[in-house]
Each structure stands twice: as structure tokens, then as C-alpha cells.
Amino acid sequence: MIESLLMGIETVFQPLNLLILFSAVFIGFLGGALPGISGTMLVVILLPITYGFDTTSAFLLLTAIYAATVFSGMISAILFRTPGTPEAVATVFDGYPMAKSGHSSRALGIAIVSSGIGGIFGTLVLIFLTPVLASVALTFSSPEFFGLALLGLTVVASLSAGQLSKGIIGVAFGLFIATIGIDPLSGTQRYTFDMNGLSAGVELIPVLIGLFAVAEVLKKGRENTKEKQEASNTKIKIFEKEIFKKIYRTITRSSLMGTFIGILPGVGATTASMLSYSEAVRWSKNPKKFGKGAPEGIAAPESANNSAAMGALVPLLALGIPGSATTAVLIGAFILHGLQPGPNLLETQSNLVYAIFIGLLIVNTLIIVCSKPFIKLFTKIMNIPYYILGPIILMFCIIGTFAVRNSVFDVWVMLIFGALGYLFTRINFPVAPIVLGVVLGPIAEDEFRRSLQLSGGNWFVFFERPVSAGLIIVAVLFLVYPLIKKLFKKSKSSLQSEAG
Amino acid sequence: MIEKYGDLYASVFFLIFAIFMYIATLNFQQSDLVVLTIGSEFVPQLAAGGIFIFAFLLLIKGIKTAKAMNKDEAADVQTSKPFHKTKVFTVGATILLIVLYVTLITQIGFLITTVVYLVLQMYVLAEPIKRNLFLFVSIAIITSGSVYFVFREFFNLFLPSGILG
């Protein structure tokens with residue numbers, strides 16, 4: 001491991017890669033700070049550009065952007081009461097009141113230190129836990145991989161925002177999209193309707209860009225054109241000893257909690273920040289100060305969301321399971337570069353994986369070091385209206401999609417999914433499960449059919465092996481849990497009303 | 001309106017879609033060269049079945065929601081109508097502009113088409129009092145030029161080239 005880490009350091013410290021990391025932090029800060037551009041959207045837009053990159057540089061860029069956007073969502077949350085990313089929602093509760101009372105510099109300082117520490121802690125856990133988990137997973141064969149893919153698909157329960165039926169429809173729809181083209185096991189043409197463009201299947205990039213980026217711009221349209229207030233003269237004090245003494249326990253507890261929550265499939269950084277905020281309130285001697293600008297109320301969500309974002313990379317790199325929409329997109333990035341994330345990745349691409357680890361450590365350090373000048377710049381940039389940003393994003397979507405295969409057909413596919421994504425958001429239908437189905441569906445199908453093929457059609461093959469049986473049971477539990485919870489709540493409330 | 005009947009629209013769309021999806025699997029031409037325990041139609045049929053069942057559940061939920069919301073219809077129409085018109089125009093015009101942009105970009109070329117598209121798109125999205133043609137043209141020229149240079153020189157990626165490059 002030490003040798004691999006040293007190799008990772010050697011790779012990352014090449015001037016070009018350092019420049020890429022620095023640029024990624026800058027781009028990530030910018031994207032995360034601007035409301036209307038989510039981390040997922042930014043990674044999706046930049047994905048085609050990385051096609052021409054060397055694999056290591058491409059993943060240093062994408063993972064660094066992922067980390068930086070989670071961090072920078074707090075800037076507009078604190079200064080303008082508008083979270084730049086969903087992960088920063090809980091930061092508004094105390095960040096904005098503190099800024100409003102004239103202590104914006106202190107609020108930003110607490111958020112920067114907490115995010116940096118949380119991110120570094122999460123990365124260290126990622127470095128030590130990924131190889132352990134991957135070595136266990138190396139003994140897996142088709143039934144276990146089917147179990148893993150199924151477990152990954154149950155992330156739908158959390159990605160569908162309390163609408164499980166819609167989530168399952170979305171996953172199945174994604175599965176349909178993934179089956180278009182020639183079936184790799186039998187050579188049968190599926191849903192191609194004699195169209196040449198569909199024979200090779202629907203490319204992942206146009207689907208991702210359409211559903212996440214184009215749909216978002218269409219949705220925003222004229223919604224967000226109000227000028228933001230000027231946050232001039234924002235001076236940031238990164239480290240205040242007195243404040244740090246107050247919040248270091250909260251940071252430690254929230255970083256631990258965030259990392260653990262991030263590792264769980266489907267429970268992302270947003271949930272981690274909300275849960276750690278409520279825990280900070282519970283552990284506080286003076287809970288009444290929360291919501292009025294309590295330093296712990298900023299430290300808890302910020303350390304938790306950054307550590308959770310790093311924790312979510314553990315199942316991604318070790319098992320090939322995405323923990324959130326952005327990590328599902330990162331799986332797409334691996335596929336685009338001809339790699340399959342999972343236990344074999346660490347064996348075959350250890351230099352790449354360890355370079356990503358070191359890159360993330362550097363990014364989380366850069367977050368603390370660079371945030372001060374960046375925030376000053378971004379408070380001005382954040383005033384760019386959406387009617388200027390939107391068309392530029394759309395242009396990047398179109399030329400980015402075209403550039404992957406020089407194909408106009410892909411651009412039309414992207415547009416169709418953009419329009420579908422827009423309609424789905426209008427009718428409150430979650431799009432993230434569709435992506436989950438597109439990314440994990442083919443793995444689940446291939447491993448399922450391969451298992452049955454190898455076992456001569458024995459359907460019990462999945463339950464004869466303890467790990468695959470365990471994974472399938474956990475997957476079913478993950479899926480059924482929200483339904484049981486709902487039923488339990490209903491019966492509890494009906495009992496209460498009867499008693500009342 | 002569309003938000004109110006959202007579950008109904010989604011469920012009807014997916015019910016029809018699932019039926020179409022299932023029927024299409026019946027026409028899959030299986031190869032005689034490979035003998036498979038599970039054919040290539042199994043997973044698509046499973047997905048179609050799943051979509052059908054859950055779309056049906058959604059339909060029931062949608063009917064209930066629509067009935068409950070009908071009671072507050074008068075208030076709902078009053079608040080949603082003005083926003084809806086502008087939104088429909090903006091989205092419709094944006095999609096039309098994108099379709100024209102994609103059609104013309106391979107005929108005319110990246111630079112000119114992109115400048116014209118960006119100006120028109122900003123014009124459509126901006127509120128009438130905020131439309132500043134000089135600003136839009138300047139931003140469009142600078143953005144298109146820098147993207148053209150960076151994509152071709154740094155990323156070695158192709159951009160659509162037409163008769164005007």
C-alpha cells in the first residue's frame with residue numbers, strides 16, 4: 001500500500017496533474033457556488049472533454065470537481081441564503097443568520113475549516129478502507145456481482161425522494177434504455193427498429209447530459225434571473241482559536257458520522273449533513289442557540305457533507321456501486337474511459353486509484369488554502385444572471401455530446417432526453433433513478449444471465465452462495481424498509497387518533 | 001395544471017410505454033448459434049412488467065390526488081396561469097433554437113452558428129427590460145472564440161465544421 005501511495009504521489013505531483021487539480025478546484029468552486037449548477041451537472045458537462053485526456057488526469061479532474069462542488073455550495077448558502085448545492089441546505093440554518101448579524105467572515109471561516117477537516121478525514125478512511133473492501137470483493141463471481149448490482153439499484157429508494165413507485169419505474173425505464181442495441185450475450189438486436197444509430201446502443205453521455213444539464217436549463221429558464229445582493233468587503237478569518245475550541249468536538253463527531261453515512265449505498269452527503277446537524281443540536285448544552293447563528297450549526301453539516309462525499313467513493317471504487325447521482329455519473333466516466341469500477345480496478349489500475357486518493361487529499365487541502373481569494377472573486381461572479389449562464393451551459397452540452405463520437409445522432413438523443421427530463425421534472429418525476437438503471441442495469445442483466453448460464457439454469461444459485469444471498473437479502477431490505485416505515489407510521493398515527 | 005395531474009400523465013405514459021415495450025420484445029430475432037438459458041427478451045420483459053405494475057399503482061394514486069386537488073381548483077388556476085404562459089413560450093422557443101442550432105451547425109460551422117445561437121438564446125431567456133443586444137453579442141463572440149480555441153488546441157476535440165469552418 002505504501003508503495004502504491006508513493007506512486008500515486010509521484011503521479012499527482014507532475015506539473016500537468018497539479019495544474020489540473022488546481023483548475024478543477026477553481027471550476028468546482030465556481031460551479032458549486034453558483035446556484036443552478038449542481039456538482040452532478042458540472043461533472044456531466046465536463047465528462048466529454050476528459051475523453052481526450054490521459055485517464056489519470058481525467059479522473060483527477062472529475063473527482064476534484066466533485067469534492068470542490070460539495071464544499072463550495074456553502075458560499076451562497078451563507079452569504080445569500082441560497083444553497084449552491086443540495087448538500088449545503090443545512091448550512092443555511094445557522095450560516096445565514098451568522099452572516100446576517102455581521103459575522104459573514106466568521107461563518108465562512110468555520111465552514112472552510114470544517115469542510116477541509118471533514119474532507120481530509122473522509123479521504124483517509126477512503127484510502128484505508130477501499131483496498132480492504134476490494135480484496136474481499138475479489139473472491140466474488142457472477143452471482144455476487146449480480147447481488148452487488150442489485151444492492152446498487154436499491155439506492156433508488158433514497159434517490160426517488162419518497163416516491164418509491166416512480167423510482168422503480170425510473171430504474172426500469174433506465175434498464176430499457178440500456179437494453180437498446182445488440183445483446184452482447186446472444187447478438188440479438190433489441191429495440192433498434194432497423195436504425196443504424198441504435199445498433200451500438202444509446203450512449204451514456206447524451207442520456208446523462210440530457211437528463212441532468214439540458215433539463216435543468218429548460219426548467220430554470222426565467223426563474224432565476226433576479227440579481228443577487230452585493231456581498232462586498234467579505235473578509236474571511238479562516239482560523240479563530242476560540243471558535244475552533246468550541247467546534248472541534250462537533251467536527252470530529254460529524255466527520256465520523258458523515259463518512260459512515262457516505263459509505264452506505266444510497267445515503268448521500270445531503271442526508272449526512274441534515275443528520276449531523278440534528279445530532280449537533282441533540283448533543284448541545286444549549287440547543288436554543290441553533291438557527292440563530294451557532295458555530296456548531298455550521299461546523300456539523302459542513303464537516304459531514306464533505307466527509308460523506310469522500311465516503312461515498314468507497315463503495316464506488318471498491319465494489320462499483322454508486323452511492324449518489326454524482327457517483328453514478330462517475331461510474332459512467334469510468335465506462336467512457338474503458339474501465340469498470342469494482343474490485344478489479346484496484347488490481348489492474350492501482351496507480352490510477354492511488355492517484356485519485358492523493359489527488360483528493362490535495363484537493364481538500366487546497367480547499368482550505370485557496371478558498372479565501374476564490375470566495376472574494378465568486379461573490380462578484382455569483383451575480384451573473386441565468387439568461388447568460390443558461391445558453392452557455394446549453395452550448396457546452398451540445399458540443400460536448402458531439403465531441404465524444406463526432407456524432408450528430410448523439411446530440412439528437414441528448415435533446416430527446418433533455419426534453420423528457422424537463423417534462424419529468426415538471427410532473428415531479430425523479431430522473432436520478434433512470435441514470436441508475438442505465439448504469440447498473442447492464443451489469444445486473446449480464447451477471448444474472450451469466451450466473452444462470454453457468455449453473456445450467458439453477459435459479460437457486462444466488463442463494464447457495466452466502467455472500468450473494470446476503471447481498472440480495474440486504475438489497476430487498478433496503479427496498480422494503482421505506483414501505484415498512486410508511487406502514488408503521490400509518491398504523492401509529494391511526495392508533496394515536498383512536499386513542500385521542 | 002401539468003403539476004396537478006403529474007402522476008396521472010406519468011402513469012398513463014408509462015402504461016402505454018410498458019405495453020409497447022413488451023410487444024416489441026416478441027419481435028426479437030433470436031440467434032440459432034447461441035443456446036441461452038435466459039433469452040435476450042427476459043430482462044426487457046421483466047422491466048416492462050415492472051413499469052406496468054408500478055405505473056398502475058401510480059395511476060390509482062394519481063386519481064386520488066387529482067380528486068383531492070380539484071376542491072382547490074379555483075385558487076390553483078388563478079395562481080398558476082400567468083407563469084405558465086411565459087414558461088411555455090421560453091421552453092418552446094429554447095427547444096426550437098436548439099433544434100435549429102444542431103441542424104445548422106454541421107452545415108454552416110461552429111463559430112458563426114454558435115454566436116447567432118447564443119445571442120438569440122440569451123434574448124429569449126432574458127426578461128424584456130434586461131435585453132442588451134450589445135452585451136449579448138460581445139459575450140457570444142468571446143465565448144464561442146475561446147471555446148473554439150480551447151477545444152481544438154488544448155483538448156484536441158473536433159467541433160462541427162460546415163462551409164464556413
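So you know, we letter chains A, B, ... as the sequences are listed, proteins then strands, and number each from 1.
Annotation for Phe22(A): atom CZ does not count as buried by contact number, only 12 or fewer foreign heavy atoms lying within 6.0 Å. At most 12 heavy atoms of other shown residues, nucleotides or ligands fall within 6.0 angstrom of atom CZ in Phe134(B). No more than 12 heavy atoms of other residues, nucleotides or ligands lie within 6.0 Å of OH in Tyr22(B), so this atom counts as exposed by the packing criterion.
Between the CD1 atom in Ile399(A) and the CD1 atom in Ile105(B) there is a gap of 7.5 Å [rounded to 0.5 Å]. Rounding to the nearest 0.5 Å gives a distance of 8.5 Å between CG of Leu175(A) and CD1 of Ile51(B).
Ring planes of Phe448(A) and Phe42(B): parallel class, angle under 30° (limits at 30 and 60°).
For Val147(B), the part lying under 4.5 angstrom from a heavy atom of chain A is the side chain only. Only the side chain of Ile398(A) comes within contact range of chain B, with heavy atoms under 4.5 Å apart. Phe56(B) does not touch chain A: none of its heavy atoms, backbone or side chain, sits under 4.5 Å away. With a 4.5 angstrom heavy-atom cutoff, Phe136(B) touches chain A only via side-chain atoms. Interface remark: Ile169(A) contributes backbone and side-chain atoms alike to the contact with chain B (heavy atom separation under 4.5 Å).
No other option in Leu120(B), Ile98(B), Leu135(B), Leu97(B) has as many heavy-atom pairs under 4.5 Å with chain A as Ile98(B). Comparing Val102(B), Thr114(B), Val99(B), Ile95(B) by heavy-atom pairs within less than 4.5 Å of chain A, the highest count is held by Val102(B).
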Worked check of side-chain contact (heavy atoms from CB on, under 4.5 Å) between Arg190(A) and Ser40(B) | CA-CA 8 Å; Arg190(A) 301 193 288 193; Ser40(B) 53; 3.9 Å; yes
Test Phe14(B) against Phe429(A) for ring pair (Phe, Tyr, Trp, His ring centres under 6.0 Å), laying out the working first.
-> CA-CA 12 Å; Phe14(B) 279 113; Phe429(A) 192 95; 5.2 Å; yes
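Here the two rings, on Tyr123(B) and Tyr387(A), have centers that are 6.0 Å apart or farther. For Tyr101(B) and Phe402(A), the gap between ring centers reaches or exceeds 6.0 Å.
Scanning both residues, Ile427(A) and Asp7(B), for their nearest heavy atoms gives O-OD1, 4.5 Å.
Using a distance-only test at 3.5 Å, with no hydrogens or angles considered, a donor-acceptor pair links the side chain of Tyr191(A) to the main chain of Met21(B).
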